[in-house]
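All values below were derived from every heavy atom in this structure, side-chain atoms included, with hydrogens, water molecules and symmetry-related copies excluded. Convention: sequence-line order gives letters A, B, ...; per-chain numbering from 1. Fair warning: this is a prediction, and the values are worked out from it, not measured in the lab.
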There are 2 protein chains.
Amino acid sequence: MAEAQLARAGRHRDSRETQERLLDAAERLLAERGFAGTSLRAVTQAAGTSVSAANYHFGSKEELWRATLARRIAPINRRRLESLDALEQAAGGAPLALEAIFEAYLGPLFAERAARHAVHFVAARLYSDPPELVSTLKLELFGEVIRRFLDALARALPDRSRMELGLRFQFAVGCMVHVMSGNLEDAPLLMESVPESAAAAADDVLADASVLRHMVAFIAAGLRAPAGDAR
Amino acid sequence: MAEAQLARAGRHRDSRETQERLLDAAERLLAERGFAGTSLRAVTQAAGTSVSAANYHFGSKEELWRATLARRIAPINRRRLESLDALEQAAGGAPLALEAIFEAYLGPLFAERAARHAVHFVAARLYSDPPELVSTLKLELFGEVIRRFLDALARALPDRSRMELGLRFQFAVGCMVHVMSGNLEDAPLLMESVPESAAAAADDVLADASVLRHMVAFIAAGLRAPAGDAR
DNA sequence: GTCTATATGTTGATAGAC
DNA sequence: GTCTATCAACATATAGAC
């Protein structure tokens with residue numbers, strides 16, 4: 001068996017490795033230019049394979065894209081749920097702090113950032129690529145996560161309606177997606193501070209840990225804010 | 001002169017009107033599927049013209065897209081600045097309330113929503129289409145707006161660094177873009193409330209005025225929140 | 001299981017008739 | 001100024017060789 005495999009590996013490339021090279025290339029290219037903006041050719045060329053190989057392994061361009069998204073997002077959501085589990089177990093039924101909830105939600109994403117993967121952009125594509133491509137995948141990957149985190153929010157803010165919590169949770173997701181999409185890099189350009197100190201200040205404030213800290217504070221406060229009437 | 005124009009209008013379609021039909025069609029289609037996902041043919045077909053006409057009037061697909069974005073966004077930014085002018089004049093040098101600042105920023109956008117235009121999605125594309133297509137346009141259209149609104153924020157929150165304000169302003173933009181991109185429609189699906197009352201509650205909370213009110217409250221509170229150390 | 005060759009369609013842009 | 005006809009380049013997918 002081992003030798004049969006070796007013989008095959010001599011004649012053909014390892015299937016598993018080819019698939020991963022395809023996923024890596026797809027991740028990089030599709031993250032940058034989206035589904036419609038990236039040709040299957042470009043992906044397979046970057047992966048050092050052929051179009052037929054991609055279609056053989058994944059069936060179609062769409063399926064390759066979905067596999068690319070799922071590969072990165074599934075483990076992040078797993079870690080989100082693990083963190084939430086740990087928090088709830090430690091709290092023993094008591095409501096969690098909003099800050100803790102959102103650290104559990106955002107932390108796994110920011111942890112990946114250091115790993116230099118295009119995971120951020122990939123995840124952001126979930127929200128900008130055509131719905132028919134990603135909506136079922138989104139429900140699949142996020143169904144339980146959203147339910148569990150909304151439950152935690154409902155316990156932390158028992159006087160809010162579930163609709164209101166859902167709406168504001170979407171605001172929080174918006175903050176996250178926007179930062180993941182790389183729009184932070186625009187920020188320094190737009191805010192012409194004193195040029196000399198600007199770069200240093202930018203590096204400091206835009207460091208991952210700092211951004212996460214600010215985002216958690218921003219979102220938690222935003223959720224706590226009363227609806228505010230006509231003013 | 002008038003008869004010459006009439007004679008031309010008889011032989012050929014009115015140039016101005018053709019351009020607007022092209023812009024309308026481009027707005028609708030490009031908003032839904034993005035630049036790469038929309039063929040020039042699809043746009044011209046929807047506009048009842050030909051590919052050559054579009055290239056004649058706009059030079060290229062890229063230029064048509066930029067013109068489409070600019071047509072909608074420029075007047076919104078004009079109204080934003082007018083609102084801010086009015087607020088600052090009324091305040092006579094005193095710092096503005098954060099809520100007022102963001103009503104000035106978000107109001108013109110939500111006002112357009114009622115007009116049933118694809119303006120939201122179009123604006124959202126600014127943040128998901130390839131940078132080389134939109135980044136110079138973004139600077140052109142938003143340069144002054146961002147500067148003026150950041151100045152107002154800096155006066156309202158004088159103890160914050162400009163970098164921090166810029167970062168959090170991006171969070172606010174993220175909320176806005178995410179809602180514009182239509183992600184609110186996902187919300188009801190994800191939050192399985194009591195099925196019967198869910199629809200009514202959703203309509204209520206997701207009405208434009210309600211969303212705007214919640215968003216302003218969310219963002220203002222988020223900006224006021226202190227950075228929050230290690231927790 | 002993987003690749004070569006190819007089928008079949010669509011893309012954006014333009015040259016030239018009217 | 002606008003349209004018809006046409007372009008080369010590119011798209012995805014597949015049939016069949018190895």
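- What separates CD of A/Q19 from P of C/dT2 is a distance of 8 Å, to the nearest Å.
- In this structure, the ring of A/F218 has its center no less than 6.0 angstrom from the ring center of A/F171.
- Side-chain proximity of B/S50 to C/dC3, D/dC3, C/dA13: nearest is D/dC3.
- B/L22 places its CG atom 14 Å from the C1' atom of D/dC3, with the value rounded to the nearest Å.
- Which of D/dT2, C/dA13, D/dC3 sits closest to the side chain of B/S15 comes down to D/dT2.
- Rounded to an integer number of Å, the gap from A/L30 CG to D/dA11 C1' is 15 Å.
- Within the 4.5 Å cutoff, no side-chain heavy atoms of B/T38 are placed close to those of B/W65.
- With sequence neighbours excluded, no residue satisfies side chain to side chain donor-acceptor pair (under 3.5 Å) with A/R41.
- Between B/H178 and A/Y127, the ring centre distance stays below 6.0 Å.
- Distances shorter than 4.0 Å separate some side-chain N or O of A/S39 from OP1 or OP2 on D/dA11.
- A/E140 and A/T136 form no side-chain donor-acceptor contact under 3.5 Å, judged by distance and modelled atom types alone.
- Whole-Å rounding puts the B/Y56 OH to C/dG16 P distance at 18 Å.
- Listed nucleotides: C/dC3, D/dC3, C/dT2. Nearest to the side chain of B/A53: D/dC3.
- Following rounding to the nearest Å, A/Q45 (CD) and C/dT4 (C1') show an atom-to-atom distance of 16 Å.
- Comparing B/R41 and A/E62, the nucleotide of DNA chain D nearest to each residue sits closer to the 5' end for B/R41.
- When distances run from any side-chain atom of B/K61 to the nucleotides D/dA13, D/dC3, C/dG12, the shortest one goes to C/dG12.
- For B/F149 and B/F142, the ring centers are positioned 6.0 Å apart or more.
- One atom, CG of A/L64, and another, C1' of D/dA13, lie 14 Å apart when rounded to the nearest Å.
- For B/L40 and D/dA9, the CG to C1' distance is 16 Å, given to the nearest whole Å.
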Q: Using a 3.5 Å limit on both pairing distances, list the dot-bracket string of DNA chain D from the 5' end; Watson-Crick and G-U wobble pairs count, crossing pairs take [ ], interstrand pairs take |.
A: ||||||||||.|||||||
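- Under 4.0 Å is where a charged nitrogen must lie from a carboxylate oxygen, and between B/R66 and B/D129 no such pair does.
- Counting any heavy atom pair closer than 4.0 Å across all strands shown, B/T44 reaches no nucleic acid atom.
- Counting to the nearest Å, the P atom of D/dA11 and the CG atom of A/N55 are 13 Å from each other.
- Closest to the side chain of A/V51, out of D/dT2, C/dC3, D/dA13, is D/dA13.
- Within the structure, every side-chain polar atom (N or O) of A/S52 is placed at least 4.0 Å from both OP1 and OP2 of C/dC3.
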